[in-house]
2 protein chains.
Amino acid sequence: MAEAALPESAAEASRPREDRGHSQSVRAQLALRELLLSGEIAPGSRLSELAIVERIGVSRTPVRAALTMLAEEGLVEPIPSGGFAARAFSEQDVRDSIELRGTLEGLAARLAAERGIGALAAQTLRDLLARLDEVVAGPLGAPDVFERYIALNAEWHRQVTGLAGSRVVERQIERVMALPFASPSAFVMAQAQTEEARRILTLAQDQHHAVVEAILQREGARAEALMREHSRLAGRNLANAARSRQAMAQVPGGALIRLRPA
Amino acid sequence: MAEAALPESAAEASRPREDRGHSQSVRAQLALRELLLSGEIAPGSRLSELAIVERIGVSRTPVRAALTMLAEEGLVEPIPSGGFAARAFSEQDVRDSIELRGTLEGLAARLAAERGIGALAAQTLRDLLARLDEVVAGPLGAPDVFERYIALNAEWHRQVTGLAGSRVVERQIERVMALPFASPSAFVMAQAQTEEARRILTLAQDQHHAVVEAILQREGARAEALMREHSRLAGRNLANAARSRQAMAQVPGGALIRLRPA
DNA sequence: TATCTTCCTGTTGTATACAGAATGAACACA
DNA sequence: TGTGTTCATTCTGTATACAACAGGAAGATA
């Protein structure tokens with residue numbers, strides 16, 4: 001193709017910034033995921049490799065690689081006769097994914113508590129809590145407040161899953177979170193508009209504190225139970241968001257969710 | 001290559017039976033997994049695509065596909081500079097994998113209990129239990145007794161994870177069990193030789209009964225706790241097997257496990 | 001008009017060629 | 001003898017050609 005013949009630097013410069021430095025496969029994966037999550041590719045529809053090639057401008061080989069990766073992630077499913085189709089999710093699937101995340105994060109929290117964490121990790125957690133406190137207590141009307149919360153929240157969850165000290169567990173949690181609506185912050189933006197926002201953030205943040213306390217005091221069972229319950233907050237938010245199409249549009253991957261399927 | 005030019009039937013006939021009807025990619029995946037699990041490819045070593053091509057007789061494309069699949073499974077890990085390496089596992093990794101399976105199976109059992117199962121499914125479970133009872137109570141010296149136990153045990157676990165009625169959860173459990181030493185029957189053969197075999201099988205089978213009872217009586221928390229504890233039997237068996245090189249050889253994927261790493 | 005057959009188009013699975021990058025060996029030099 | 005450098009080899013990532021296959025439309029026949 002034409003682009004491949006360009007000198008490397010020119011080709012790089014002409015690409016979207018986020019794609020720089022990535023291999024074609026990664027590029028294809030990112031682009032395809034974007035197309036899927038935004039709903040531009042309708043859930044259920046077949047994904048023709050050639051069509052994707054034209055759309056994202058890399059050859060079939062990396063597209064194919066991207067498709068198998070996305071199939072592993074679960075965003076795409078293999079068709080028996082060959083090829084892949086964009087996957088649709090039921091509300092129950094979302095609910096189960098959240099429960100799954102809660103269970104695995106609960107495991108991670110319990111392991112962290114049982115095995116103990118170092119002083120440095122403890123301080124990192126406390127710092128994160130303090131910064132989250134600021135955001136939650138501050139004015140919610142300020143710009144980017146929720147984006148800031150999401151970033152800090154994601155970091156907190158990453159920390160806790162990392163503290164288990166188990167590659168195996170960490171990997172598995174990453175897998176679950178590959179489904180974007182299963183992520184800890186999936187429903188934050190959907191709630192941001194509601195008047196309940198502050199209440200929910202307050203509850204979540206209190207749970208954050210409690211989990212850290214439990215981990216520091218080596219209370220494994222408590223850490224686990226709290227972490228599970230924490231995930232159920234997302235479940236509640238899902239129930240609320242499901243009532244409004246507008247709210248669902250704020251949820252990452254919301255376009256893939258078929259509400260009240262037959 | 002030569003083989004590709006052969007008429008389909010001849011090529012098929014000349015292949016090992018297990019490979020019939022599969023695509024080249026699946027063939028490569030099976031063959032590679034076998035090479036990895038048997039330890040023929042040393043853990044930690046780099047996997048040259050060309051070397052694999054020569055070894056299993058399919059071209060680079062399906063080999064590459066197989067490698068990415070195995071990377072998702074976790075048997076192989078990507079090298080930063082490109083390519084893949086056979087992965088080695090620590091005893092802790094195995095322990096964590098077992099804990100992970102227990103946690104997820106516990107979730108499945110709880111969901112099954114909470115959501116309830118149909119009469120048909122209940123009967124299937126009872127039948128399986130009865131057949132397992134026979135094996136466990138019978139003479140353990142008879143040929144293939146343990147193979148039979150493994151098959152029935154695997155089926156029982158498959159049933160329970162299926163009863164949760166959640167694709168998402170089921171998929172995740174499949175992922176964990178892709179690591180062969182995490183499977184419910186991983187350490188059965190290693191224990192088969194010991195005098196403790198009957199005791200362990202008896203304990204496991206009692207837990208099977210208890211889990212089914214809990215599910216049928218809709219006791220979610222109990223089903224979950226039992227299922228977790230059930231998985232810890234494997235953890236105990238691991239501790240025993242780890243003491244003997246001969247016992248480890250009986251464990252599927254045992255060759256990948258680096259005991260007492262530095 | 002309904003149904004079966006045939007053929008054609010589009011699609012995937014596979015093999016392979018090529019370019020750029022990485023790795024390791026050989027060699028020069030301190 | 002140890003160290004830094006250069007070069008050749010090997011490898012991966014990507015593009016593309018080709019063949020088998022699936023699915024569907026058009027046409028023939030009852």
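Just so we're clear, the structure is a prediction, and the values are computed from it rather than from any experiment. Sequence lines set the chain letters: A, B, ... in the order given, protein chains first and strands last, and positions in each chain run from 1.
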Nucleotides 8-13 of chain C: which of its N/O atoms have a protein N/O under 3.5 Å away?
| residue | atom | partner | partner atom | Å |
| --- | --- | --- | --- | --- |
| C/dT12 | OP1 | A/L47 | O | 3.2 |
| C/dT12 | OP1 | A/E49 | N | 3.4 |
| C/dT12 | OP2 | A/E49 | N | 3.2 |
| C/dG13 | OP2 | A/R64 | NH2 | 2.1 |
| C/dG13 | O5' | A/R64 | NH2 | 3.4 |
| C/dG13 | N7 | A/R60 | NH2 | 2.8 |
| C/dG13 | O6 | A/R60 | NH1 | 2.8 |

Without decimals, in angstroms, what is the distance between A/I56 CD1 and D/dT14 P? 12 Å
A/H22 atom NE2 is separated from D/dG13 atom C1', nearest whole Å, by 16 Å
Working for side chain to side chain contact (heavy atoms under 4.5 Å, CB included), residues B/E72 and A/E73: CA-CA 9 Å; B/E72 292 299 326; A/E73 284 183 19; over 6 Å; no
Salt bridge (charged side-chain N to carboxylate O under 4.0 Å, His left out) pairs touching residues 162-171 of chain A, sequence neighbours excluded, are A/R167-B/D93
B/L104 and B/V169, any side-chain heavy atoms less than 4.5 Å apart: no
Carboxylate-amine/guanidinium contact B/R95 B/E91, below 4.0 Å: yes
Measure the CZ-CG distance between B/F181 and B/L256 for me, rounded to the nearest 0.5 Å. 6.5 Å
Show the numbers, then the answer: is there a side chain to side chain contact (heavy atoms under 4.5 Å, CB included) between B/V76 and B/L47? CA-CA 9 Å; B/V76 140; B/L47 295 167; 3.4 Å; yes
Please report the end-to-end axis angle for the helix from C/dT1-D/dA30 to C/dA30-D/dT1, five pairs per end, rounded to 10 degrees. 10°
Quick one: is A/T61 getting a side-chain N or O under 4.0 Å of the D/dT14 phosphate, OP1 or OP2? no
With no hydrogens and no angle check, just 3.5 Å: does a side-chain donor-acceptor pair link A/R27 and A/Q24? yes
Tell me if a side-chain donor or acceptor on B/S185 pairs with a main-chain N or O of B/V188 at a distance below 3.5 Å. no
